[in-house]
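Let me begin by presenting the structure, written as structure tokens, before commenting on it.
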Amino acid sequence: MASNDAYRDRSVLIHGKFKSEKWDFQDHIIPPITTAVSFRLRSAERGAAGFQQFANPEVDRNTAEPIYIYDRLDEPCCGLLEESLAFAEKGESAVVYSTGMAAIAAALGIHTRSGDHIIHHPAIYGCTHGHLKNWLTRYQITSSAVDLKSGEALLASIQPETRVVYFETPCNPTMEVIDIEQVVRIVADENEKRGDDNKIVTIVDNTFASPFAQRPIEMGVDFVVHSLTKHIGGFGATMGGVVIGPRSAETSLLLYRKDFGGSISPDAAWHILTYGLPTLAVRLEKQQATAQETAEFLEGHPNVEQVIYPGLESFEQKEIAARQMRDIDGDPAPGAMISFVLKGDDHQAFERAKTLINSIADSSLSITLAVSLGQIRTLIEHPSSMTHAPVPIEDQKLAGINPGAVRLSIGLEDPRDIISDLSKALDQLG
Ligand SMILES: *Cc1c(COP(=O)(O)O)cnc(C)c1O
């Protein structure tokens, strides 16, 4: 029988596993969607077997024929998507959730209890910050923002209660890059001194890079989380999230989903499985090439102070990015996200950024003013006046948010149109 090992990642992501136990779809090129909430169990004995099998560490979900019971527990499209996502991230096991935030809550939730401590890089997704500060604190789970670009800072911040080191790379919206192997090394040294019941786990939110451009588990990270709503879904039409990690965590991740209820809908799983993952490589390759061209154009524009893109010679952490951001063929993969800063003092740059995005909102077809990222449409936003507007400019700067910084998520439009629309809007700034 053919095995996936004989094929390149691009081909496997289009077809999925050669033979899956999740669904008998020998005659279906595309897996069907089920809209049944519950499944016929045929006998009390088979029903009992289904409950016994669910989230059972003794049962290998890759080879066991599943007994579906109720959609919140498991269903075929969700299972097929999990097989493909584990493959894409080179992890042992994947568990899919309704949104990226549901996945992040699960990844943190299964590793912490009252009294525990989490270390995270200061620049993280806003709702992840909200989850840590507004909700986990209710259970006496504390967290510290530590600049994980510094190995010394990480080492100094580890407490006996620390259970998780959490970060994004590249970060939102600063585009800083964290040296994954350095964090893994420091945590591994600390874990040498600890017993099995209090090891620290590393969790990377790999949403910005996507598994096309970076696979942290191959670099020793324990868990990867994604918002499937972004690059992996790719079309901005469905939400989802995933946690990928060792098989030993699978039971807890499934039980967390069952008991907190953040299950993905079969329809969303089917969309990501049918449209998102199969086109990930071809979309990202094109989007990344356009991002490189756009970043180079922006860097040459007289109204632009700075462009932050891992593919530029001027990128401060170029070596780290070149080492860990590699596509599935091993070539450098700086991704499709760009941040650029307009000229002027803080106040001028802030006003100019607002003028720029307003003029794009008024007259650009190829660039859309909207939050989110990783879609086939190019999206622009101004973090300082939009997502972070309630925070005073001085505090924004402390958090690394430049008042004149604009974020671009490059899509599949013709690069000449994107550059021409940016050029018109930038020239107007005078
Ligand atoms: C969007 C996003 C999330 C949250 O994902 P949802 O699917 O919106 O819940 C988490 N992390 C990053 C980096 C994101 O961009």
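All residue numbers refer to positions in the sequence shown, counting from 1. Counting starts at 1 for both ligands and their atoms, in listed order.
Remark: His231 engages no residue in a ring pair (Phe, Tyr, Trp, His ring centres under 6.0 Å) (not counting sequence neighbours). Annotation: salt bridge (Lys or Arg N to Asp or Glu O under 4.0 Å) contacts of Glu89 (sequence neighbours excluded): none.
Between Arg323 and Asp179 there is a salt bridge, since a side-chain N of the basic residue sits under 4.0 Å from a carboxylate O of the acidic one.
Asp417 and Ser366 are not linked by any side-chain donor-acceptor pair at a separation below 3.5 angstrom, with hydrogens and angles left out of the test.
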What are the polar N/O contacts of ligand 1 with the protein below 3.5 Å, with distances?
residue, atom, partner, partner atom, Å
ligand 1, 5 (O), Ser227, OG, 3.0
ligand 1, 7 (O), Gly100, N, 2.9
ligand 1, 7 (O), Ser227, OG, 2.8
ligand 1, 7 (O), Thr229, OG1, 2.6
ligand 1, 9 (O), Gly100, N, 3.1
ligand 1, 9 (O), Met101, N, 2.9
ligand 1, 11 (N), Asp205, OD2, 2.7
ligand 1, 15 (O), Lys230, NZ, 2.7

Side-chain atoms of residues 102-113: list all donor-acceptor pairs with protein atoms under 3.5 Å, sequence neighbours left out, distances to 0.1 Å.
residue, atom, partner, partner atom, Å
His111, ND1, Ala107, O, 2.8
Thr112, OG1, Leu108, O, 2.7

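For the pair Phe223/Ile244, no side-chain contact is recorded, criterion being any heavy-atom separation below 4.5 Å from C-beta on.
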